[in-house]
Amino acid sequence: MYVDTDYYVYGKGMKSMPCVRISTSLYKQPINDFYGWYTSDSFTIQVTKIEPTQTGDITLYAKYDYSIGATLSSGTYTVTDAGTSKNPQIRVMIDLKTIHYEYVKNTTLKTLKIELSFNLWEINDGYQHIYLRNDNTKSILWSKKIDHDGAKKKYTFTIKLDIDKIKDTDTITFLFDASGAFSDDWKFDEFKAYAILTNDKL
């Protein structure tokens with residue numbers, strides 16, 4: 001990682017901090033967003049300038065996102081209470097094992113953030129279940145039970161996972177199910193899942 005200016009001059013300082021530029025030898029994908037420079041990897045105190053009277057070396061940490069994949073589907077899916085194996089399954093490629101983990105393991109990018117959104121509506125009253133599975137270990141990484149009421153509504157979720165715990169997998173899969181006293185079918189469409197490596201804390 002490098003910037004346009006990697007030094008400052010005493011008596012002048014920097015009135016504004018340079019934007020980070022990522023070497024193409026470090027990452028296989030472009031960064032999503034650059035949020036600024038911080039005094040530590042806890043990213044609580046942002047540095048926006050260097051005063052003219054500042055002296056000595058300064059170590060700063062870049063806060064940014066690194067996009068590694070997305071799954072977008074405009075199709076309409078029906079979910080029943082037949083179990084996750086007989087309902088829709090939507091895979092998201094994250095390629096941590098084969099590509100990305102090797103590039104980021106020594107950086108401050110320690111969290112995989114999944115930005116999830118979809119429209120949901122009921123055919124019959126009941127509960128809606130969503131799971132996120134690690135396809136390598138078959139373990140459930142995240143789950144959500146929804147008690148939706150009637151008409152179509154958009155849902156959004158942010159899922160954060162420790163990349164060190166999923167470094168040996170290349171795909172994760174969303175599973176769906178339904179439950180209730182009687183018929184409890186439901187539908188969803190406009191499914192979107194963005195996979196982003198980030199400095200965000202869990």
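The structure displayed is predicted, hence computed values, not measured ones. Values reported hereafter were calculated over all heavy atoms of this structure, with side chains retained and with hydrogens, waters and symmetry mates removed. Numbering starts at 1 and runs along the sequence shown.
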Under a plain distance cut-off of 3.5 Å, with no hydrogens placed, do Tyr155 and His148 share a side-chain donor-acceptor pair? yes

Given the rule in the side chain to side chain contact (heavy atoms under 4.5 Å, CB included) test, do Phe157 and Ile114 qualify, once you have shown the distances and angles that lead to the verdict? CA-CA 8 Å; Phe157 300 101; Ile114 307 294; over 6 Å; no

Side-chain (Thr80) to main-chain (Ala82) donor-acceptor, under 3.5 angstrom: yes

Go through the side-chain N and O atoms of Asp81 and Ser179 and say whether any donor and acceptor fall under 3.5 Å apart. no

Test item: side-chain donor near acceptor, Asn199 and Thr108, under 3.5 Å: yes

Using salt bridge (charged side-chain N to carboxylate O under 4.0 Å, His left out), reason through Asp200 and Lys63 one step at a time and then give a plain yes or no. CA-CA 9 Å; Asp200 290 355; Lys63 183 172 176 55; 2.8 Å; yes

Looking only at heavy atoms, which two atoms of Thr39 and Val47 are closest? And how far apart? CG2-CG2, 3.5 Å

Does atom NZ (Lys154) have a neighbourhood of more than 12 heavy atoms from anything else shown, all under 6.0 Å? no

Minimum heavy-atom distance Phe176-Pro88, with the two atoms named: CD1-O, 3.1 Å

Go through the side-chain N and O atoms of Gln89 and Thr173 and say whether any donor and acceptor fall under 3.5 Å apart. no

For salt bridge (charged side-chain N to carboxylate O under 4.0 Å, His left out), just list the numbers for Arg133 and Asp135, CA-CA rounded to whole Å, side-chain angles, deciding distance to a tenth of an Å, and then say yes or no. CA-CA 6 Å; Arg133 182 186 68 195; Asp135 288 342; 2.9 Å; yes

Judged by atom type as modelled, is there a donor-acceptor pair below 3.5 Å linking the side chain of Gln46 to the main-chain atoms of Tyr35? yes

Determine yes or no for a side-chain-to-main-chain donor-acceptor pair under 3.5 angstrom, with Glu122 supplying the side chain and Gly150 the backbone. yes

Of all heavy-atom pairs between Phe118 and Leu120, which one has the smallest distance, and what is that distance? CE1-CD1, 3.9 Å

Check the surroundings of atom CG in Asp149: do more than 12 heavy atoms from other residues, nucleotides or ligands lie under 6.0 Å from it? no

Could you tell me whether Lys97 atom NZ has more than 12 heavy atoms of other residues or ligands within 6.0 Å of it? no

Using the salt bridge (charged side-chain N to carboxylate O under 4.0 Å, His left out) criterion, which residues pair with Asp189? Sequence neighbours excluded. Lys152

Between the side chains of His129 and Ser143, is a donor N or O closer than 3.5 angstrom to an acceptor N or O? no

For Tyr77, what residues pass the ring pair (Phe, Tyr, Trp, His ring centres under 6.0 Å) criterion, not counting sequence neighbours? Phe188

Taking the side chain as C-beta and beyond, is there a heavy-atom pair between Leu161 and Thr111 under 4.5 Å? no

Would you indicate whether Lys160, at its atom NZ, is surrounded by more than 12 heavy atoms from other residues, nucleotides or ligands within a distance under 6.0 Å? yes

Before we go on, tell me: are the rings of Tyr61 and Tyr38 under 6.0 Å apart, centre to centre? no

Is a donor on one side and an acceptor on the other found under 3.5 Å between the side chain of Trp186 and the backbone of Asp177? yes

Please tell me whether Asn134 and Thr169 have a donor and an acceptor in their side chains that are separated by less than 3.5 angstrom. yes

Would you say that more than 12 heavy atoms from the other residues, nucleotides or ligands in this model lie under 6.0 Å from the CD1 of Ile45, or not? no

Keeping the roles fixed (side chain from Thr71, backbone from Arg91), state whether a donor-acceptor pair exists under 3.5 Å. yes

Measure from NZ or CZ of Lys105 to the centre of the six-membered ring of Tyr103 and say whether it is under 6.0 Å with the direction within 45° of the ring axis. no

Do Val92 and Leu116 belong together in a cluster built from hydrophobic side chains that touch within less than 4.5 Å? yes

Residues that Tyr101 engages under ring pair (Phe, Tyr, Trp, His ring centres under 6.0 Å), provided they are two or more places apart: none

